[in-house]
Amino acid sequence: MADTRTIEIEVLRYNPEKDAEPHFETFQVPFTNDTSVLQGLLYIKDHLDGSLTFRWSCRMAICGSCGKMVNGKPELSCHTFLRDYYPGKVRIEPLSHFPVLRDLVIDQRDFTEKKLPAIKPYIVPGNPQPLSAGTYVQTPQQFHKYYQYSQCINCLLCYAACPQYGLKPDFAGPAVLALLHRYNADSRDRGWEERAEVLNAEEGVWGCTLVGYCSEVCPKGVDPAHAINQNKVNSTMDYFGVLKFLMPRGGS
Amino acid sequence: MATVKTYVRPMQGWWRRNPYFVRYMIREGSSVFLATYAIILLVGLLRLTQGEAAWDSWRAALTSPWSILFHWLALLTVSYHAWTWWKVAPKTAPDLRVGGRPLPEMLITAGGVLATLATSVLVYVIVRWM
């Protein structure tokens with residue numbers, strides 16, 4: 001194509017079987033105006049080095065699996081375009097603060113197997129009704145209380161943006177606490193007491209020092225920093241034992 | 001969890017890696033000047049309770065060149081701190097809504113900054129002329 005240009009892509013390589021530590025490898029990649037960073041990586045894998053390892057799936061910013069550090073910023077690589085970096089080069093690294101398994105693949109089990117299940121990321125009904133009772137109804141106002149938080153796609157960009165998570169890996173972190181708030185804020189849910197231990201802990205909302213970068217990098221418009229800091233107030237009220245009187249749905 | 005060999009990247013120098021983190025560190029660091037200024041004021045209050053001579057010597061100490069340099073530095077850093085304070089206020093505020101829609105973050109920040117400016121002018125007027 002006439003408008004094809006060539007950009008330099010620097011990729012972090014790490015082979016756990018051979019390397020003591022990661023190093024960078026540079027590739028020359030042709031691109032056009034609509035080539036995403038992910039497509040650049042796919043070009044490397046298809047034409048230059050088939051051993052390059054990275055995660056991806058949907059290519060349209062909905063599955064949340066292709067997050068990478070692009071020139072030091074956490075981005076979905078399908079949602080970031082090579083044209084915006086040309087004529088400079090692009091440096092691609094695995095998401096910060098997570099252990100590197102191989103090349104651009106991180107070990108995300110701390111989130112998927114430990115932190116996320118701990119907050120019961122599903123509706124905990126107070127008195128479950130039989131199916132015959134019909135659906136749990138909700139007004140648009142009640143819906144908007146949690147809607148933005150329900151847009152989280154677990155892409156982990158917010159964790160790569162959170163130095164507190166990097167420094168103290170026990171910190172529950174932005175997405176988990178935003179999702180905790182998503183269920184607590186849902187009028188159909190009665191599970192806030194079951195989630196309180198995670199929320200009130202030193203590693204819960206109190207581990208946040210309001211750097212605020214999590215909310216900047218979220219590709220889905222979720223605001224974890226707001227969720228966490230609103231819940232510092234809730235956590236304080238819970239400490240003094242007043243939250244259960246203030247939560248109309250509380251203490252079921 | 002199965003044991004897999006992984007590489008954990010060091011966090012050393014993390015705050016220099018992104019301009020966003022540098023601004024965060026300046027924000028947090030500026031609170032040191034705020035705290036120091038507050039302590040100096042509290043000492044003044046203490047000296048006031050100890051009589052006229054103590055009060056006068058505290059006031060005299062404030063006129064030293066080091067003190068004036070500190071107060072100019074504190075004014076600068078505390079002004080920046082005040083700005084960052086309101087910049088993060090939309091995150092610390094409750095879920096504010098008007099007609100079901102979230103209040104724009106800009107309005108919360110602008111409201112705070114205006115309140116700070118108005119209060120500062122008011123305090124200056126009271127101290128200077130009343």
Side-chain angles (χ1 to χ4, degrees), chain A residues 12 14-17 19-22 69 71-74 93-102 105-107 109-110 113-114 139-141 143-146 148 161 163-169 181 185 208-217 223-230 232-234, chain B residues 1-32 34-35 77-78 80-113:
Chain A
L12 183 136
Y14 173 67
N15 181 342
E17 287 163 16
D19 304 333
E21 55 182 50
M69 304 301 286
N71 283 6
K73 287 187 179 166
E93 296 161 85
L95 285 179
S96 287
H97 309 147
F98 289 96
V100 184
L101 274 173
R102 187 188 186 101
V105 177
I106 52 156
D107 186 352
R109 287 174 300 171
D110 180 46
E113 292 179 18
K114 217 174 115 196
T139 66
Q141 274 95 338
F143 170 69
H144 285 298
K145 278 278 170 201
Y146 69 85
Q148 62 132 317
Q164 288 301 335
Y165 178 65
L167 295 164
K168 294 177 292 186
H181 183 67
C208 167
T209 57
L210 193 39
V211 177
Y213 199 38
C214 52
S215 298
E216 290 291 308
V217 302
D223 192 347
H226 196 194
I228 295 171
N229 287 283
Q230 284 177 76
K232 286 179 183 169
V233 178
N234 287 338
Chain B
M1 286 196 226
T3 46
V4 185
K5 190 191 162 199
T6 54
Y7 183 80
V8 178
R9 289 160 287 176
M11 282 300 285
Q12 206 179 12
W14 62 270
W15 60 272
R16 275 176 274 136
R17 289 178 206 160
N18 191 309
Y20 204 94
F21 298 154
V22 175
R23 288 198 293 275
Y24 161 76
M25 290 301 266
I26 296 173
R27 180 191 94 192
E28 298 294 294
S30 60
S31 57
V32 172
L34 186 60
T77 50
V78 172
Y80 179 73
H81 192 88
W83 158 246
T84 58
W85 178 275
W86 294 116
K87 197 112 197 310
V88 298
K91 306 293 180 205
T92 52
D95 187 21
L96 301 170
R97 280 165 194 271
V98 178
R101 292 179 177 280
L103 201 63
E105 295 202 343
M106 224 272 290
L107 275 183
I108 301 175
T109 303
V113 170

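Remember, predicted model here, so these are calculated numbers, not experimental data. Below, read A as the first sequence line, B as the second, and so on, with proteins coming before strands; counting in each chain starts at 1. As a basis for the values below, the full set of heavy atoms in this structure was taken, side chains included, without hydrogen atoms, waters or symmetry mates.
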Worksheet, complete the sentence: Ranking B:Trp15, B:Tyr20, B:Trp14, B:Tyr24 by heavy-atom pairs under 4.5 Å to chain A gives rank one to B:Tyr20
Worksheet item: Is it the backbone or the side chain of A:Pro140 that comes under 4.5 Å from a heavy atom of chain B, or both, or neither?
Response: neither
Discussion item. Which label fits A:Phe98 and A:Tyr165: parallel for a plane angle under 30°, tilted from 30 to 60°, or perpendicular past 60°?
Written reply: tilted
Fill in: Which portion of B:Phe21 sits near chain A, non-hydrogen atoms under 4.5 angstrom
side chain
Item to complete: Please confirm whether the backbone N or O of A:Thr209 pairs with a side-chain atom of A:Gln164, one donor and one acceptor, at under 3.5 Å?
Response: no
Worksheet item: Can you list the residues that meet the side-chain contact (heavy atoms from CB on, under 4.5 Å) rule with A:Lys73, with sequence neighbours excluded?
Response: A:Glu75, A:Tyr213, B:Asn18
Item to complete: Examine whether an atom of B:Arg27 lies under 4.5 Å from a heavy atom of chain A, and if so say whether it belongs to the side chain, the backbone or both; otherwise answer neither.
Response: side chain
Item to complete: Considering only heavy atoms and a distance below 4.5 Å, find which of A:Asn229, A:Leu210, A:Leu101 pairs most often with chain B.
Response: A:Leu210
Worksheet, complete the sentence: CZ of B:Arg23 to CD1 of B:Ile26, rounded to nearest 0.5 Å, is 8.5 Å
Item to complete: Against chain B, label A:Glu21 side chain, backbone, both or neither, depending on which of its atoms sit under 4.5 Å from a heavy atom there.
Response: both
Discussion item. Can you confirm whether B:Arg9 sits close enough to A:Pro94 that some side-chain heavy atom of one is under 4.5 Å from a side-chain heavy atom of the other?
Written reply: yes
Response to the item:
Whatever's closer than 4.5 Å to a heavy atom in chain A on B:Pro90 counts as backbone
Fill in: Proximity breakdown for B:Arg97 and chain A, heavy-atom pairs closer than 4.5 Å
side chain
Worksheet item: Contact part of B:Glu105 toward chain A, heavy-atom cut-off under 4.5 Å: side chain, backbone, both or neither?
Response: side chain
Fill in: For A:Asp19, all residues meeting side-chain contact (heavy atoms from CB on, under 4.5 Å), sequence neighbours excluded
A:Tyr14, A:Asn15, A:His23
Worksheet, complete the sentence: chain B shares the most heavy-atom pairs under 4.5 Å, among A:Ser96, A:Gly72, A:Pro163, A:Ala161, with A:Pro163
Fill in: Which portion of B:Arg17 sits near chain A, non-hydrogen atoms under 4.5 angstrom
neither
Worksheet item: Is the A:Tyr146 ring parallel, tilted or perpendicular to the A:Phe143 ring (thresholds 30°, 60°)?
Response: perpendicular
Item to complete: Kindly say whether A:Ala225 contributes a backbone atom to a donor-acceptor pair with the side chain of B:Lys91 at under 3.5 angstrom?
Response: no
